[in-house]
Engineer: 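There's a structure below that I have some questions on.
Note: hydrogens, waters and symmetry copies are ignored here, and every other heavy atom, side chains too, is used.
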Amino acid sequence: MKHQTIAVLDFGSQYTQVIARRIRECSVYSKIYPFKTSAEELKKDNVVGIILSGGPESVLSKGSPRPDKRIFDLGVPVLGICYGVQLIAHLLGGKVEKSCQREYGHGILKIKRKGSLFKGLPSKLRVWNSHGDRLSKLPKGFSAVASTENSGFAGIADEQRRIFGIQFHPEVDHTEGGFNILENYLGKICGCKGDWSMASLAEESINSIRETVGADRVLLGLSGGVDSSVAAALIHKAIGRQLTCVFVDNGLLRLNERELVVELYRRHFKMDVRVARAGGKFLKRLKEVSDPERKRKIIGNTFVEVFQESLKKIGHAKFLAQGTLYPDVIESVSIDGNPAATIKSHHNVGGLPKKMKFKLLEPLRQLFKDEVRALGAELGLPKEVVWRQPFPGPGLGVRVMGSVTKSKLDILRKADAVLHDEMMQSDLYYKVWQSFCVFLPVRTVGVMGDERTYENVVAVRIVESKDAMTADWVRVPYEVLQRVSNRIINEVSGINRVVYDISSKPPGTIEWE
């Protein structure tokens, strides 16, 4: 069954992914397309509604991004948000001009006529604005349905053609009633059935994997993290023993991690899991390397090498499976002319070489992180896997500051295990985004009993976040921090001081390297 699709045309807004996620929260499938996508392609994809995202450009600027104008002739509802409403006015015969006063942040929206878009909402809403242009003349057939202090056309509608525009951002939490506006657009205007669910997705994905793979074999690099675990569970449910998982022990794992992964997937889920023990090789190559970027590259390149060696021992397979998610697809594909600014680069372990002649199998590539967790729960994965905190691809290699040695890793592993235990005991582990320890390359004087000590320092980092783009340190109860500190100093030989990191992101990052 082909789902109804809402197309989100991306004009470079930092909120484009948020729009797509909000639509899916309404049980409607959404897909982000490059702004230049042709009307023919959208029609082919069973698109029942089109949203034009915001963006950093001005429609008044030469060369600013434009959609295929024929989208307005497809007969499906169109909703323009911020830059999107300005495009509608500009392309359909209205007028846009520079605003005397830029609207950024909170504003009060006055709804003049509710119609189908604002049905069921109060006449005044506190909304979130982010624009420097405004509409000064409406295209033929449109009427003004809402206004703000600086704009008489903050909401416009052509009910007959089902084309709507709003000058604010309904997708962000700061906008009152924003979710209801999107629900009205999806249900009352586009006629969406709201039948997109994890149960239906799981069933469709399993059937698709079986059809794609046939009688061939699939290889998957299993890390034990959420993405690779859900991908493994989904593929295994589809093709069983045709799937072989490779777990690379790089010597940079947490305490007993290899044993736990093997126990869960090999014994509990009956998967074919092969373990490549390569800790010695990784540590040898990391010897006396302190620069974070060099460490990452060494770890990434060595991982690829070890993975390739493992594949040779396993024998022929046609498919290589990866736990690629939708944000990875959006951010990693370079779209010609895309106006979005590059905010960051990913720090994954490293891509596999093109010369490896496999067909890629990426069953999660249409899902966001929270949807992957929901799918994992649907497939019966335990809570400790589905809600596991993120762990960096280079592992503890980027949590030991400076050069990496086995003794430093052993100390860090034990300290991290204490923190994990206390977070679980305090019922905090699943309530935060990440909690971990960092080994610092400094030694401090301490006193244990009647003796002077000169030992190492561990920093504790606990943050809350929604998407890792921004983060804030967690105000952990003092008694929890006290227990963590006491236990680490008493139970982990080589540590005599524990500090707590109270930096937010930005300006800091979540990881120290």
Engineer: Could you go step by step and tell me if Leu201 and Leu367 meet the side chain to side chain contact (heavy atoms under 4.5 Å, CB included) rule?
Structural biologist: CA-CA 10 Å; Leu201 174 73; Leu367 301 180; 3.4 Å; yes
Engineer: Do Ile235 and Pro363 have side-chain heavy atoms sitting under 4.5 Å apart?
Structural biologist: yes
Engineer: Is there a donor-acceptor contact under 3.5 Å from the side chain of Tyr429 to the main chain of Gln389?
Structural biologist: yes
Engineer: Is the number of heavy atoms from other residues, nucleotides or ligands under 6.0 Å of Glu203 CD greater than 12?
Structural biologist: no
Engineer: Is the side chain of Thr5 donor-acceptor paired with the backbone N or O of Ala7 at a distance under 3.5 Å, no angle test?
Structural biologist: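 Absent.
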Engineer: Report yes or no: does Arg210 contribute a side-chain atom to a donor-acceptor pair with the main-chain N or O of Ile239 at less than 3.5 Å?
Structural biologist: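 Between the backbone of Ile239 and the side chain of Arg210 there is no qualifying donor-acceptor contact (under 3.5 Å).
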Engineer: When you look at Arg70 and Glu40, which way does the salt bridge (Lys or Arg N to Asp or Glu O under 4.0 Å) test go after all the steps?
Structural biologist: CA-CA 9 Å; Arg70 292 173 297 168; Glu40 287 84 357; 2.6 Å; yes
Engineer: What I'd like to find out is whether the side chain of Arg399 reaches to under 4.5 Å of the side chain of Glu513, using heavy atoms alone.
Structural biologist: no
Engineer: Do the side chain of Glu183 and the main chain of Cys26 share a donor and acceptor less than 3.5 angstrom apart?
Structural biologist: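 Looks like no, no N/O pair under 3.5 Å.
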Engineer: Could you go step by step and tell me if Arg134 and Ser136 meet the side-chain hydrogen bond (donor to acceptor under 3.5 Å, both in side chains) rule?
Structural biologist: CA-CA 6 Å; Arg134 67 175 185 173; Ser136 56; over 6 Å; no
Engineer: Look at the aromatic rings of Tyr29 and Trp196 and report parallel, tilted or perpendicular, splitting at 30° and 60°.
Structural biologist: tilted
Engineer: Do Glu176 side-chain atoms and Arg126 backbone N/O form a donor-acceptor pair below 3.5 Å?
Structural biologist: yes
Engineer: For the side chain to side chain contact (heavy atoms under 4.5 Å, CB included) test, which of Ile166, Ile163, Val85 pairs with Ile156?
Structural biologist: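 Exactly one candidate clears the test, Val85.
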Engineer: Please give me the minimum heavy-atom distance between Arg162 and Val76, naming the atom from each residue.
Structural biologist: NH2-CA, 4.1 Å
Engineer: Nearest 0.5 Å please: distance from the CG atom of Leu87 over to the CD atom of Glu57.
Structural biologist: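 One gets 10.5 Å once the value is rounded to the nearest 0.5 Å.
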Engineer: Check Ser223 against Phe247 and note the closest heavy-atom contact, atom names and distance.
Structural biologist: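 Heavy atoms only, the tightest pair is O-CE1, 3.5 Å.
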Engineer: Quick one: do the Ser30 and Arg24 side chains pair a donor with an acceptor below 3.5 Å?
Structural biologist: yes
Engineer: Please check if the side chain of Ser435 supplies one atom and the backbone of Ile462 the other of a donor-acceptor pair under 3.5 Å.
Structural biologist: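 No: the side chain of Ser435 does not pair with the backbone of Ile462.
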Engineer: How far apart are the closest heavy atoms of Cys190 and Ile6, and which atoms are they?
Structural biologist: SG-CD1, 4.1 Å
Engineer: What's the separation between atom CG in Asp173 and atom CZ in Arg22, rounded to the nearest 0.5 Å?
Structural biologist: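 One finds 5.0 Å between CG of Asp173 and CZ of Arg22.
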Engineer: Under a 4.0 Å N-O cut-off, is there an ion pair linking Glu257 with Arg388?
Structural biologist: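 Result for this pair is yes, salt bridge flagged.
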Engineer: Side chain of Glu464, backbone of Arg475: donor and acceptor closer than 3.5 Å?
Structural biologist: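 Here the side-chain-to-backbone pair does not exist.
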Engineer: Is there a donor in the side chain of Glu362 and an acceptor in the side chain of Thr324, or the other way round, less than 3.5 Å apart?
Structural biologist: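 Note: Glu362 and Thr324 side chains meet the donor-acceptor criterion.
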Engineer: Does the side chain of Val463 come within less than 4.5 Å of Lys505's, by heavy atoms?
Structural biologist: no
Engineer: As an exercise, state the distance from OG1 of Thr37 to CG of Asp68, rounded to the nearest 0.5 Å.
Structural biologist: 9.0 Å
Engineer: May I ask you to test the Ile23-Cys192 pair for a side-chain heavy-atom distance under 4.5 Å?
Structural biologist: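 Side-chain contact under 4.5 Å: no.
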Engineer: The test is side chain to side chain contact (heavy atoms under 4.5 Å, CB included); show your working for Asp45 and Lys31 and say whether it passes.
Structural biologist: CA-CA 10 Å; Asp45 277 4; Lys31 184 177 175 182; 3.5 Å; yes
Engineer: Going by an N to O cut-off under 4.0 Å, is there a salt bridge joining Lys44 and Glu41?
Structural biologist: no
Engineer: If we ignore hydrogens and angles and just use 3.5 Å, is the side chain of Asp501 paired with the main-chain N or O of Ser503 as donor and acceptor?
Structural biologist: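 A pair under 3.5 Å: yes.
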Engineer: Can you measure from CG (Leu9) to NZ (Lys36) and round to the nearest 0.5 angstrom?
Structural biologist: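 Going from CG on Leu9 over to NZ on Lys36, the span is 13.0 Å.
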Engineer: For Gly224 versus Ser228, what's the shortest heavy-atom pair and its separation?
Structural biologist: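 Gly224 and Ser228 have their closest heavy atoms at N-OG, 3.6 Å.
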Engineer: Taking the side chain as every heavy atom from C-beta outward, state whether Arg254 and Phe436 have any atom pair closer than 4.5 Å.
Structural biologist: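 Result no, sub-4.5 Å side-chain heavy-atom pair not found.
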Engineer: Are any non-hydrogen side-chain atoms of Gln434 and Arg461 less than 4.5 angstrom apart?
Structural biologist: no
Engineer: Could you pull out the closest heavy-atom pair between Glu171 and Val18, with the gap in Å?
Structural biologist: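 Minimum heavy-atom separation between Glu171 and Val18: O-CG1, 3.4 Å.
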Engineer: About how many Å separate CG of Leu234 and CD1 of Ile209, when rounded to the nearest 0.5 Å?
Structural biologist: 4.0 Å
Engineer: Is there a donor in the side chain of Thr16 and an acceptor in the side chain of Asp10, or the other way round, less than 3.5 Å apart?
Structural biologist: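 Yes - a donor-acceptor pair under 3.5 Å links their side chains.
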Engineer: Counting N and O atoms only, with roles assigned by atom type, does the side chain of Tyr83 sit under 3.5 Å from a partner on the main chain of Ser13, one being a donor and the other an acceptor?
Structural biologist: no
Engineer: Quick check against the 3.5 Å criterion: does Arg161 have a side-chain atom that pairs as donor or acceptor with the backbone of Val78?
Structural biologist: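 The answer is no, because no donor-acceptor pair under 3.5 Å joins these two groups.
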Engineer: So, are Asp158 and Lys140 salt-bridged, with charged N and O less than 4.0 Å apart?
Structural biologist: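 No, Asp158 and Lys140 are not salt-bridged.
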Engineer: Should Ser123 and Phe118 count as side-chain neighbours, where that means a heavy-atom distance under 4.5 Å?
Structural biologist: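 Result no, sub-4.5 Å side-chain heavy-atom pair not found.
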Engineer: Could Asp73 and Lys43 be called an ion pair, given the rule that one side-chain N must be under 4.0 Å from one carboxylate O?
Structural biologist: no
Engineer: In terms of heavy-atom contacts, does CD of Gln160 have more than 12 from other residues, nucleotides or ligands at under 6.0 Å?
Structural biologist: no
Engineer: Under the side chain to side chain contact (heavy atoms under 4.5 Å, CB included) criterion, do Gln17 and Val8 qualify, and how do the steps go?
Structural biologist: CA-CA 9 Å; Gln17 288 191 34; Val8 181; over 6 Å; no
Engineer: Could you walk me through whether Val476 and Val432 pass side chain to side chain contact (heavy atoms under 4.5 Å, CB included), step by step?
Structural biologist: CA-CA 10 Å; Val476 181; Val432 304; over 6 Å; no
Engineer: Taking all non-hydrogen atoms of both residues, which atom of Val460 and which atom of Cys437 are closest, and how far apart?
Structural biologist: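 Minimum heavy-atom separation between Val460 and Cys437: CG2-SG, 4.2 Å.
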Engineer: Contact between Val474 and Tyr500 at the side-chain level, heavy atoms closer than 4.5 Å - yes or no?
Structural biologist: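 The answer is yes; the side chains approach within 4.5 Å.
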Engineer: Rounded to the nearest 0.5 Å, what separation is found between the NE2 atom of His236 and the CE atom of Met271?
Structural biologist: 5.5 Å
Engineer: Determine the sole option in Val484, Val418, Leu428 for which the side chain to side chain contact (heavy atoms under 4.5 Å, CB included) test with Met423 is passed.
Structural biologist: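 Answer after filtering Val484, Val418, Leu428: Leu428.
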